[in-house]
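Just below is one structure, and these are the notes that go with it.
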Amino acid sequence: MTKRERFRHFLNNEPVDRVPVAFFHHFIPFSDFGKGLEDDTVFERNIEGHRLARKLFDPDIAKIMNDSLFFMPLDVSFVEKAADLRKVEPVSMGSPFVRRSLELTKRVREIYDGPDAPPVFVTSCSPTFVLRNSMSVNGMPNVGGDESRIKGFIEEDPGAISAAVRALAEGIAEFNRLLITQAGVDGIYLSVNNQANFFPEDIFSTYIAPHEKAVLDSANQLSQENLLHICGMAGRANNLALFADFKAAAYNWAVHAEGVSLAQGKKLFGGRAVFGGFQQTGPIYQGTREELELAVQSILEENGQLGIGLGADCTVPADIDDTRLAWAQTAAAKYANR
């Protein structure tokens with residue numbers, strides 16, 4: 001099977017020669033995230049990281065890691081009270097950020113060109129991540145940042161939060177349209193989360209989810225191959241039921257943080273394709289080849305091979321030896337050919 005044939009069989013719950021492997025990692029240090037607008041060296045290192053990695057691992061599914069442009073700019077300097085969030089405006093499509101993002105996406109996509117090119121996806125962050133990151137102090141959301149201000153706004157005026165999320169969703173949807181139609185990716189890899197119930201579940205369902213679903217629905221009008229990542233980074237769990245009606249072609253979540261197997265999640269998501277199964281720092285990162293092979297066997301014995309792909313709860317460590325990802329492909333083929 002070609003990579004695209006395997007991928008489409010996977011999406012359609014049809015037999016495959018082996019299950020696809022979908023592990024992803026960042027390519028620059030976290031300290032350089034978002035510096036690609038001002039620093040050409042960081043921008044180029046972000047792109048070249050993909051090229052170097054592909055020499056060691058030819059992926060079944062490729063994801064463009066836009067690390068150097070990770071933080072979509074958002075002006076919240078004027079926000080003093082919750083009501084001010086109703087004035088939030090998304091990034092302009094003519095901005096340097098969007099132009100630079102299109103360049104990065106086009107150039108990385110070309111790295112994966114070839115006679116057996118994999119489907120290529122681009123990372124898309126949810127509107128709430130963009131808002132929370134812009135308002136977080138001294139760090140990213142869920143990674144040490146102080147989010148007391150936005151927490152207060154949620155209690156004060158959830159409708160204002162919703163208005164900001166809606167505006168950002170409209171901008172992100174347009175941004176994704178450009179990435180799909182102009183940069184040539186197959187679809188988006190939308191990262192969403194409500195880790196540790198940051199938004200009370202009734203607030204999330206009423207004020208947040210409709211706008212985040214709209215980002216995915218907009219992409220679905222352009223491509224039928226968009227992927228949803230419910231981010232449980234570093235073991236921070238989500239209630240997967242909050243995302244059960246998000247319509248994607250395939251789903252990934254933190255199996256170990258949520259305690260929901262691939263087979264269980266597959267039922268929750270209406271039988272659609274799912275991928276994952278590995279911890280970020282478990283056998284895929286530091287196990288022996290035999291241990292990795294046993295982990296692949298265990299995952300596939302538990303969940304089957306129809307509409308199942310191998311991947312991790314979230315990105316694997318950036319310093320991983322990419323040949324280990326090729327080991328996972330070999331292990332999947334060995335299991336399929338037993």
Side-chain angles (χ1 to χ4, degrees), residues 30 33-34 69-93 95 97-98 123-176 190-219 228-247 253-254 257-258 314:
F30 180 72
F33 272 35
L69 301 169
F70 192 72
F71 304 116
M72 177 177 280
L74 178 67
D75 180 15
V76 292
S77 61
F78 60 90
V79 177
E80 297 181 357
K81 56 185 182 299
D84 293 336
L85 289 169
R86 299 178 189 276
K87 304 172 187 175
V88 163
E89 296 183 356
V91 65
S92 165
M93 293 304 108
S95 69
F97 171 82
V98 171
T123 306
S124 178
C125 290
S126 70
T128 49
F129 175 82
V130 175
L131 180 63
R132 288 175 60 187
N133 184 67
S134 298
M135 299 190 68
S136 182
V137 178
N138 297 326
M140 280 176 57
N142 292 321
V143 193
D146 180 356
E147 295 193 85
S148 56
R149 189 161 66 123
I150 192 170
K151 276 281 195 181
F153 290 164
I154 294 169
E155 296 180 5
E156 179 184 340
D157 188 352
I161 296 280
S162 185
V165 173
R166 180 178 64 249
L168 292 174
E170 291 171 354
I172 292 170
E174 177 61 15
F175 179 47
N176 290 339
L190 180 63
S191 177
V192 297
N193 79 82
N194 190 38
Q195 295 167 6
N197 291 326
F198 179 84
F199 295 97
E201 291 186 2
D202 59 333
I203 296 293
F204 185 86
S205 296
T206 302
Y207 294 97
I208 305 298
H211 309 310
E212 304 219 318
K213 283 190 287 188
V215 172
L216 193 54
D217 292 343
S218 175
L228 187 70
H229 169 58
I230 304 167
C231 185
M233 181 181 66
R236 295 176 176 85
N238 295 276
N239 177 0
L240 297 184
L242 295 175
F243 304 95
D245 59 351
F246 281 55
K247 303 302 182 186
W253 63 92
E258 269 92 53
C314 195

Applying ring pair (Phe, Tyr, Trp, His ring centres under 6.0 Å) to F246 and not counting sequence neighbours gives F243

E156 meets the salt bridge (charged side-chain N to carboxylate O under 4.0 Å, His left out) criterion, sequence neighbours left out, with none

Heavy-atom closest pair (S126 atom, V192 atom, distance to 0.1 Å) is CB-CG1, 4.0 Å

Can you sort out the partners of K151 under salt bridge (charged side-chain N to carboxylate O under 4.0 Å, His left out), two or more places apart, ordered by chain and number?
-> none

Less than 4.5 Å apart, any side-chain heavy atom of E212 and any of V215?
-> no

Residues that R149 engages under salt bridge (charged side-chain N to carboxylate O under 4.0 Å, His left out), provided they are two or more places apart | none

Hey, could you give me each pair passing salt bridge (Lys or Arg N to Asp or Glu O under 4.0 Å) that has a residue in residues 123-135? Not counting sequence neighbours.
-> R132-E147

Which atom pairs, donor and acceptor, lie under 3.5 Å between side-chain atoms of residues 199-208 and protein residues at least two apart or in another chain?
from, atom 1, to, atom 2, distance (Å)
E201, OE1, N239, ND2, 3.3
E201, OE2, N239, ND2, 3.1
S205, OG, E201, O, 3.0
T206, OG1, D202, O, 3.0

Where at least one partner belongs to residues 123-144, residue pairs that pass ring pair (Phe, Tyr, Trp, His ring centres under 6.0 Å), sequence neighbours excluded | F70-F129

Once you round to the nearest 0.5 Å, how far does CD of E155 lie from CD1 of I161?
-> 11.0 Å

Residue pairs involving residues 161-173 (criterion side chain to side chain donor-acceptor pair (under 3.5 Å); sequence neighbours excluded) | S162-H211

Quick one: pull up OG in S77 and CG in D84 and give me the separation to the nearest 0.5 Å.
-> 10.5 Å

Quick one: does I150's side chain get under 4.5 Å of F198's, heavy atoms only?
-> yes

Judged by atom type as modelled, is there a donor-acceptor pair below 3.5 Å linking the side chain of D157 to the main-chain atoms of G159?
-> yes

Gap between atom CD of E80 and atom CG of L85 - 0.5 Å precision | 11.5 Å

Would you confirm whether N133, through its side chain, and M140, through its main-chain N or O, come within 3.5 Å as a donor-acceptor pair?
-> no

For residues 228-236, which side-chain donor-acceptor pairs fall under 3.5 Å, sequence neighbours excluded?
from, atom 1, to, atom 2, distance (Å)
H229, ND1, N252, OD1, 2.7
R236, NE, N142, O, 3.1
R236, NH1, N142, O, 3.3
R236, NH2, N142, O, 2.8

Please, which pairs that meet ring pair (Phe, Tyr, Trp, His ring centres under 6.0 Å) have at least one residue in residues 156-175, sequence neighbours excluded?
-> F97-F175

The reported gap from CG in L240 to CG in N194 (rounded to nearest 0.5 angstrom) is 11.5 Å

Can you name the closest pair of heavy atoms from Q195 and N238 and give their distance?
-> N-OD1, 3.1 Å

Taking only residues two or more places apart in sequence, or in another chain, which ones meet D245 in a salt bridge (charged side-chain N to carboxylate O under 4.0 Å, His left out)?
-> K213

For residues L131 and V165, report the shortest heavy-atom separation together with the two atoms involved.
-> CD2-CG2, 4.2 Å

Who passes side-chain contact (heavy atoms from CB on, under 4.5 Å) against S218, sequence neighbours left out?
-> A173

To the nearest 0.5 Å, atom CD1 of I172 lies from atom CE of M72 at 5.0 Å

For P90 and G171, the nearest pair of non-hydrogen atoms, with its separation, is CB-CA, 3.8 Å

Hey, are the side chains of W253 and N193 touching, using non-hydrogen atoms and a 4.5 Å cut-off?
-> no

